[in-house]
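These notes concern the structure reproduced below.
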Amino acid sequence: MSRIAAAVDQVLLHRITTWAADIEDFAVHHAADGLYVAEACVDPEVDGREEVFAIALVSAFWFWFDDRSDKFLRAEQTPVDWDTLIAYGEDEPPAVLGDTPEVRFFQRLCDLLWPLAGHPDEHRWFRVGSAKVFRAMYAEERMSRDAEARSLVECIETGAHSTTLPSILTAAYLVRRLDRPRRHDDPRIVNVERYLYLSQRLLNDLVSAEKERREGHAGRVSNAVLLLEHDLEPAQARAFVEAQRQGYERLLQHDLDRLGTRDPFAATLSRLVRCIHRWYATGPLRFETGPAR
């Protein structure tokens, strides 16, 4: 058992793997990573196991989906129905669904979350957030297939959404009935979310750079560290990306402080930031060279 799997609720872990048992390529490490993140998104004094379960499934979906996308990069064409997945962000979700594992899995998540939403706008907010992730991951897939390294700005801005956090966070908001749409114009929350996405993208690039370099992974063209190495020495590239990451985290903390510790959004976001750092430090299997177990 991995360190991540050993650190989560074993009953919920089994429940997630059972729920997704018929999903092609879904593995225990997807469930464990998803549950590890989900446990940080709730308030243990208010929320229960059902809230954790729902958020964990959304998070696990993205770990699974990321691996599926990487798997198909080796093929000439991808069977992922990107158009249908991106269409979930429209005012009306797609009327006719494609028959692919990715669409079936995501539709099951939408069905699961619908009765948990306090208002239809919360469900739409989740779908829009998820569509942002699909759109960003699709852009990165095209970049990888073309083996074309774009500018650093495009790499980071696109990568901010491909962290999958815009979907995981909106699911957490929905499940916890925080009514994120009601505060859509609060600049403090908007800023914290943006800085979170950007800082975590850079953290991911720092952690994954050596693995992608060793494996010759197609995703290397969208890794900020490896992209900068075209013009800088490796140590300089890492130092630059780390400095940018720290800068975004300082900006993030500034707006968290402005929200105040009593704000439920600040509490959720603060717990998630701490959790992500612990997750990386614990050593997820996905960053080891070779196939995940």
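Computed from a predicted model, the values in this text were never measured in an experiment. Quick note: residue numbers are just sequence positions, from 1. Heavy-atom basis, side chains included; hydrogens, waters and symmetry copies ignored.
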Does [X] belong to the same Ile/Leu/Val/Met/Phe/Trp/Tyr cluster as [Y], with side-chain heavy atoms less than 4.5 Å apart forming each link?
| X | Y | value |
| --- | --- | --- |
| V103 | V58 | yes |
| L169 | V128 | no |
| V52 | L112 | yes |
| W125 | V192 | no |

Between [atom1] on residue [X] and [atom2] on residue [Y], distance to nearest 0.5 Å:
| X | Y | atom1 | atom2 | answer |
| --- | --- | --- | --- | --- |
| W114 | F126 | CH2 | CZ | 13.0 Å |
| T158 | R135 | OG1 | CZ | 11.5 Å |
| F26 | R68 | CZ | CZ | 12.5 Å |
| L203 | Q246 | CG | CD | 10.5 Å |
| T170 | H123 | OG1 | NE2 | 10.0 Å |
| R176 | L116 | CZ | CG | 13.5 Å |

| request: Let me see the working for E140 and S162 under side chain to side chain donor-acceptor pair (under 3.5 Å), right down to the final yes or no. | output: CA-CA 8 Å; E140 289 187 337; S162 72; 3.1 Å; yes

| said: So that I know where these two stand, are Y138 and F65 an aromatic pair - ring centroids less than 6.0 Å apart? | reply: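 No; F65 has its ring centre 6.0 Å or more from that of Y138.
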
| Ring centre gap for F134 and W62 strictly below 6.0 Å |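 When the ring centroids of F134 and W62 are compared, they turn out to be within the sub-6.0 Å range.
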
Can you check whether [Y]'s main-chain N or O pairs, donor with acceptor, with [X]'s side chain at less than 3.5 Å?
| X | Y | value |
| --- | --- | --- |
| Q200 | L198 | no |
| E242 | L206 | no |
| T17 | H14 | yes |
| R188 | D257 | no |
| R238 | V225 | no |
| E122 | G118 | yes |
| R3 | T282 | yes |
| E90 | A87 | no |
| R201 | T163 | no |
| D205 | A224 | yes |

Find out whether [X] and [Y] are in side-chain contact, i.e. whether some heavy atom of one side chain is under 4.5 Å from a heavy atom of the other.
| X | Y | answer |
| --- | --- | --- |
| T84 | F106 | no |
| I4 | H29 | no |
| I189 | R180 | yes |
| D81 | D99 | no |
| L85 | V80 | yes |

| Q253 and Y195: side chain donor to acceptor below 3.5 Å |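 No donor-acceptor contact under 3.5 Å links the two side chains.
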
| field | Qualifying ring-ring contact (aromatic ring centres under 6.0 Å, His included) pairs, either residue in residues 156-189, two or more places apart | value |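 For residues 156-189: Y173-F265.
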
| said: Give me each pair satisfying ring-ring contact (aromatic ring centres under 6.0 Å, His included) with a member in residues 233-254, each pair once, sequence neighbours excluded. | reply: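 For residues 233-254: none.
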
| For F63, which residues count as a ring-ring contact (aromatic ring centres under 6.0 Å, His included) partner, sequence neighbours excluded? |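 F63 satisfies ring-ring contact (aromatic ring centres under 6.0 Å, His included) with W279 only.
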
| field | Carboxylate-amine/guanidinium proximity below 4.0 Å for R108 and D111 | value |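 No, no charged N to carboxylate O under 4.0 Å.
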
| message | Between R214 and E210 (salt bridge meaning N to carboxylate O under 4.0 Å), is one present in this structure? | response |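 Looking at E210 together with R214, the answer is no, because their closest N to O distance does not fall below 4.0 Å.
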
| task | Would you please test I156 and Q244 for side chain to side chain contact (heavy atoms under 4.5 Å, CB included) and show each step? | result | CA-CA 11 Å; I156 296 174; Q244 302 309 300; 6.0 Å; no

| Criterion side-chain hydrogen bond (donor to acceptor under 3.5 Å, both in side chains) against R183, the qualifying member of D186, D185, D179 |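 The single option meeting the side-chain hydrogen bond (donor to acceptor under 3.5 Å, both in side chains) with R183 is D186.
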
